[in-house]
Amino acid sequence: MNPQVRKQQNLAAIYHALLTLMARKPLATISITELCQHAQVSRTYFYRNYQDFNQIITRYQTQNMLRYLRRLPRSAQVSLADLMTHYFELVQSEAGTYQLLIKNGQLAVLLQTFQTVFQLLKKQHRLHGSRINEPYYLEFFSGAVINVAVTWVTHGFVESPRYLGDLVARFASANRP
């Protein structure tokens with residue numbers, strides 16, 4: 001088996017095992033041994049590849065978002081409203097996972113994942129706007145989007161992803177100089 005494929009399989013196994021355990025008990029009470037047994041990977045594998053559970057979640061979530069974003073239209077630039085709509089569609093499709101991550105206090109991981117993907121889109125010149133290069137914009141914008149997503153998840157997805165995508169884009173463009 002291709003080493004890259006095996007690496008992806010191990011990441012998926014350990015991530016899904018972690019989610020399963022998180023559904024049963026708080027993240028803080030899960031041991032590395034318990035996780036490795038549940039995922040059917042060795043403790044050596046864990047220590048060679050991860051420093052903590054957050055790294056597992058971050059790597060998997062980042063890859064998941066990147067897979068999702070690859071399905072975006074191939075145009076050079078995508079509107080912010082469309083990008084945000086796609087993000088909220090992903091959040092909704094992963095509702096159970098987001099609920100577990102929120103319940104277990106993993107907002108920093110969601111924030112880091114969002115920032116990583118945002119920076120990639122910026123680097124690929126798929127985002128446009130005069131503010132995206134300003135100091136602290138990434139922190140401001142990603143914090144706002146994650147907070148909107150958390151509220152949306154906890155309130156049961158009342159609005160549509162399109163509504164939230166348009167809303168975030170409107171908020172981001174408000175008061176432009």
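All values below were derived from every heavy atom in this structure, side-chain atoms included, with hydrogens, water molecules and symmetry-related copies excluded.
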Can you run down the salt bridge (Lys or Arg N to Asp or Glu O under 4.0 Å) pairs that involve residues 51-68, sequence neighbours left out, and say none if there aren't any?
-> none
Going by heavy atoms in the side chains, are [X] and [Y] under 4.5 Å from each other?
{"X": "Met84", "Y": "Val148", "answer": "no"}
{"X": "Leu101", "Y": "Val109", "answer": "no"}
{"X": "Thr62", "Y": "Gln112", "answer": "no"}
{"X": "Tyr15", "Y": "Asn64", "answer": "no"}
{"X": "Ile14", "Y": "Asn49", "answer": "no"}
{"X": "Tyr98", "Y": "Gln61", "answer": "yes"}
{"X": "Gln124", "Y": "Leu121", "answer": "yes"}
{"X": "Cys36", "Y": "Ile32", "answer": "yes"}

For [X] and [Y], which heavy atoms make the closest approach, and how far apart are they?
{"X": "Tyr137", "Y": "Ile132", "value": "CD2-CA, 3.6 Å"}
{"X": "Phe53", "Y": "Leu27", "value": "CD1-CD1, 3.5 Å"}
{"X": "Gln115", "Y": "Ser142", "value": "NE2-OG, 2.8 Å"}
{"X": "Leu111", "Y": "Gly143", "value": "CD1-N, 3.6 Å"}
{"X": "Pro161", "Y": "Gln92", "value": "CG-OE1, 3.3 Å"}
{"X": "Glu159", "Y": "Trp152", "value": "O-NE1, 2.9 Å"}

Nearest 0.5 Å please: distance from the [atom1] atom of [X] over to the [atom2] atom of [Y].
{"X": "Ser42", "Y": "Arg48", "atom1": "OG", "atom2": "CZ", "value": "6.0 Å"}
{"X": "Leu164", "Y": "Phe171", "atom1": "CG", "atom2": "CZ", "value": "9.5 Å"}
{"X": "Arg24", "Y": "Thr29", "atom1": "CZ", "atom2": "OG1", "value": "11.5 Å"}
{"X": "Tyr60", "Y": "Leu19", "atom1": "OH", "atom2": "CG", "value": "8.5 Å"}
{"X": "Met22", "Y": "Asn104", "atom1": "CE", "atom2": "CG", "value": "3.5 Å"}
{"X": "Asn2", "Y": "Lys7", "atom1": "CG", "atom2": "NZ", "value": "11.5 Å"}

Could you check Arg170 against Asp166 for salt bridge (Lys or Arg N to Asp or Glu O under 4.0 Å), going step by step and ending with a plain yes or no?
-> CA-CA 6 Å; Arg170 204 168 57 244; Asp166 290 343; over 6 Å; no
Do other residues, nucleotides or ligands put more than 12 heavy atoms under 6.0 Å from the CZ atom of Phe157?
-> yes
How about Gln40: does its CD atom have over 12 heavy atoms from other parts shown lying under 6.0 Å from it?
-> no
Salt bridge (charged side-chain N to carboxylate O under 4.0 Å, His left out) with Glu34: which residues, sequence neighbours excluded?
-> Lys25
Would you check if there is a donor-acceptor pair between the side chains of Asp82 and Thr85 at a distance under 3.5 Å?
-> no
In sequence, state the C-alpha distance, the side-chain angles, and the governing distance for Val168 and Phe141, and then conclude on side-chain contact (heavy atoms from CB on, under 4.5 Å).
-> CA-CA 9 Å; Val168 167; Phe141 184 75; 3.8 Å; yes
Under 6.0 Å between ring centres, would you say that holds for Tyr136 and Phe140?
-> no
Apply side-chain contact (heavy atoms from CB on, under 4.5 Å) to Phe88 and Tyr163, showing your working.
-> CA-CA 10 Å; Phe88 289 113; Tyr163 174 83; over 6 Å; no
Output, in order, the C-alpha distance, side-chain angles, deciding distance and verdict of side-chain contact (heavy atoms from CB on, under 4.5 Å) for Gln8 and Gln63.
-> CA-CA 10 Å; Gln8 294 300 319; Gln63 288 181 5; 2.6 Å; yes
Over 60° means perpendicular and under 30° means parallel, so classify the ring planes of Phe46 and Tyr50, tilted if in between.
-> tilted
With sequence neighbours excluded, residues passing side-chain hydrogen bond (donor to acceptor under 3.5 Å, both in side chains) with Thr58 = none
